[in-house]
2 protein chains.
Amino acid sequence: MSHTVGIRQAQKQKTRQAFLDAALVLLEEQSLSSLGLREVTRAVGVAPTAFYRHFRSTADLGVALVDEALGSLHPMVRTTVSTAGDSEERITRAIELIAGHVDAHPAHVRFIARERHGGVQPVREAIRAQLVRFAEEVKAELAKDPQAEGWSEDDLLMLAHLYVDQMLITASLFLEALESPEDERERVSRLAARQLRLISVGRRHWLD
Amino acid sequence: MSHTVGIRQAQKQKTRQAFLDAALVLLEEQSLSSLGLREVTRAVGVAPTAFYRHFRSTADLGVALVDEALGSLHPMVRTTVSTAGDSEERITRAIELIAGHVDAHPAHVRFIARERHGGVQPVREAIRAQLVRFAEEVKAELAKDPQAEGWSEDDLLMLAHLYVDQMLITASLFLEALESPEDERERVSRLAARQLRLISVGRRHWLD
DNA sequence: TCATCCAGTTAACAACTGTTCTCTGTTATT
DNA sequence: AATAACAGAGAACAGTTGTTAACTGGATGA
C-alpha cells in the first residue's frame with residue numbers, strides 16, 4: 001500500500017522520536033504526571049505548539065512510550081523462557097538476559113517500573129495490558145515443557161504471572177544497582193537466581 | 001519528660017495531620033512529584049505559607065506519609081507470618097489480612113505502590129528502608145519455624161524478600177479490584193493463594 | 001502581669017504552565 | 001504549474017506555581 005516513506009513523514013517521525021527520547025531522559029528524575037508539555041518541547045528544541053502535531057497530551061506520549069519500552073522487551077521474554085538446557089542453566093541465562101537488557105535500556109525499564117502504578121490511568125492500563133500479554137506468552141512457552149503435564153490452564157497462567165512479576169522485580173533491582181560496583185550487582189544476581197530456583201522447586205513438586 | 005501536650009502543639013499536630021490526609025486524597029489521581037504545595041494548602045483550607053511550618057517541601061511530606069503508611073502496616077506483617085496452623089490455613093489467613101488492610105487503608109497502599117519506584121528519591125529510599133526492615137522481621141519469624149532447620153541466613157532473607165514482594169503485589173491487585181464486583185476479588189484471592197502455595201511447596205523441598 | 005514565642009495570614013514577586021489563533025514555508029497532489 | 005496539505009513558529013491569554021518578607025494574635029513561661 002504505502003511504498004515511499006516521503007521526506008515529509010520521515011521528518012515527522014524523526015521529530016516524534018525526538019519527543020520520546022527527550023521525555024525518557026526527563027522521566028529519569030520525575031514521574032509522568034509531573035512532566036510538562038513545554039518541558040519536553042524545550043528539551044527537543046522546538047516550539048511548544050509543535051507538541052500537538054504528535055500527541056494529544058503528555059498522557060498520550062506516555063502510552064506511546066509504553067509501546068516502545070515493552071515492544072523492545074518482547075523478544076527478551078520469549079528467549080528467556082524458551083531457552084534450552086537444564087533448570088539451573090536456564091536460570092543463569094535468564095538473569096543474564098535481564099541484566100543485559102537493563103544495561104542496554106535503563107530508561108525504558110525505569111519508566112515501566114515507575115508508571116506501572118503511576119498517576120496516569122491510561123498509561124497504567126497500557127502497561128497492564130502488555131504485561132497480561134507477556135504472561136500469556138510465557139504460559140504458552142511453559143505449556144510446551146514436558147514438566148507442564150497435568151497442570152491446569154489456571155495454574156499455568158498463575159505461574160506465568162509469578163515469572164513476569166519476578167522478572168520486573170529483578171529488573172528493578174538491577175536498575176538500582178546500575179551505578180554500584182560490580183560486587184553489588186553480583187549480589188543481586190545471586191539473590192534473583194535463588195528466588196527463581198525456589199520457584200522452580202515449587203514448580204517441580206506442584207503436583208504432589 | 002514532656003507531660004502536658006499543650007493546646008498549641010495539639011493544634012499544630014492537628015493541622016499537620018490535615019496536611020497528610022489531604023495529600024493522600026490528592027495522591028489518588030497523581031504522583032507525588034506533581035503534587036503542588038499550594039494544591040495541598042488549598043485542600044486543607046489554609047494559607048500556602050502555612051505549609052512551611054510543617055514541611056520543608058512536598059518531598060518531605062512524602063517521607064512523613066511513608067512513615068504513616070508503613071507504620072500502620074507493621075502489625076499486619078508480624079501477624080501475617082507468625083499465624084499458627086498448617087500451611088494452607090496460614091495462606092488463607094494471610095490473604096484475608098492483606099485484603100482487609102487494603103479495604104481499610106486503600107490510599108496508603110496506593111501511595112506505597114506508586115512511590116516505591118516513583119520520581120522522588122528521598123521517598124523511594126524511605127520506602128526501601130522500611131521494606132528492608134519488613135524483610136528482616138519476616139526473616140526472624142521464619143527462623144522460628146521448625147521448617148527453617150538447615151537453612152542458611154542468606155536463604156532465609158531471600159525467602160523473606162520473596163514474601164514481602166509477593167505481599168505488595170497481592171495488595172496492589174486487591175487495590176485494582178477495590179471497585180470491582182465480589183467475584184473479581186475472589187479471583188484475585190485464589191490467584192494469590194496459589195502463588196503463595198507454590199512458594200510454600202518450593203520452601204518445603206528447598207533442601208532436597 | 002508582661003515579654004516571648006510561633007502557627008497561620010496577607011501581599012507581592014518572577015517564572016512557569018496548557019491552550020488558542022494566526023501565520024510561514026516546504027512537501028505532496030493534481 | 002497551480003493547489004492543497006501540514007509540520008512547525010510566533011505571540012498572546014489567563015492561571016498557576018514556589019518562595020520571600022513583614023505582620024497578627026493567641027498560647028506560653030518567667
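Note that the structure is predicted; figures quoted are calculated from it, not measured.
As judged by a 4.0 angstrom heavy-atom cut-off over every strand, Thr15(A) is placed among residues touching the sugar-phosphate backbone only. Residue contacts for Arg16(A): at a heavy-atom cut-off of 4.0 Å it reaches no nucleic acid atom on any strand shown.
Here the P atom of nucleotide dT17(C) and the CG atom of Leu35(A) are 10 Å apart, to the nearest Å. The CZ-C1' distance, from Phe51(A) to dC21(C), rounds to 19 Å in whole Å. A straight line from CZ of Arg38(B) to P of dT20(D) spans 13 Å, rounded to a whole angstrom. Atoms CD (Glu39(B)) and C1' (dT16(D)) sit 11 Å apart, rounded to a whole Å. The distance between atom CD of Gln9(A) and atom C1' of dT26(C), rounded to the nearest whole Å, is 15 Å. The distance between atom CZ of Phe55(B) and atom P of dA7(C), rounded to the nearest whole Å, is 13 Å.
Ion pair Glu176(B)/Arg124(A) not flagged as a salt bridge, since none of the NZ, NE, NH1 or NH2 atoms sits closer than 4.0 Å to an Asp/Glu carboxylate oxygen. In this structure, Arg203(A) does not pair ionically with Asp155(A), as no charged nitrogen and carboxylate oxygen lie closer than 4.0 Å. Remark: Asp165(B) engages Arg116(B) in a salt bridge, criterion side-chain N to carboxylate O under 4.0 Å.
Ranking dG8(D), dT10(C), dG8(C) by closeness to the His54(A) side chain, first place goes to dG8(D). Proximity note for Ala47(B) (side chain, C-beta onward) versus dA27(D), dT10(C), dG8(D): the nearest is dT10(C). In this structure, of dA7(C), dT9(C), dT27(C), it is dA7(C) that holds the atom nearest to the side chain of Arg53(B). Comparing dT17(C), dG18(C), dT17(D) against the side chain of Leu37(A) picks out dG18(C) as the nearest.
Atom CG of Leu73(A) and atom CZ of Phe134(A) lie 5.0 Å apart (nearest 0.5 Å).
Here the rule is side chain to side chain donor-acceptor pair (under 3.5 Å) with Ser34(A), and of Ser33(B), Ser34(B), Ser31(B) only Ser33(B) fits it.
Nearer the 5' end of DNA chain D, as judged by each residue's closest nucleotide, is the contact made by Lys12(A), out of Lys12(A) and Arg56(B). Residues Tyr52(B) and Arg8(B) each lie close to DNA chain D; by heavy-atom proximity, the contact nearer the 5' end of the strand is made by Tyr52(B).
Counting atom types as modelled, Thr49(A) pairs no side-chain N or O with a base atom of dT20(C) as donor and acceptor under 3.5 Å.
Residue Arg42(B) places at least one side-chain N or O closer than 4.0 Å to OP1 or OP2 of dT17(D).
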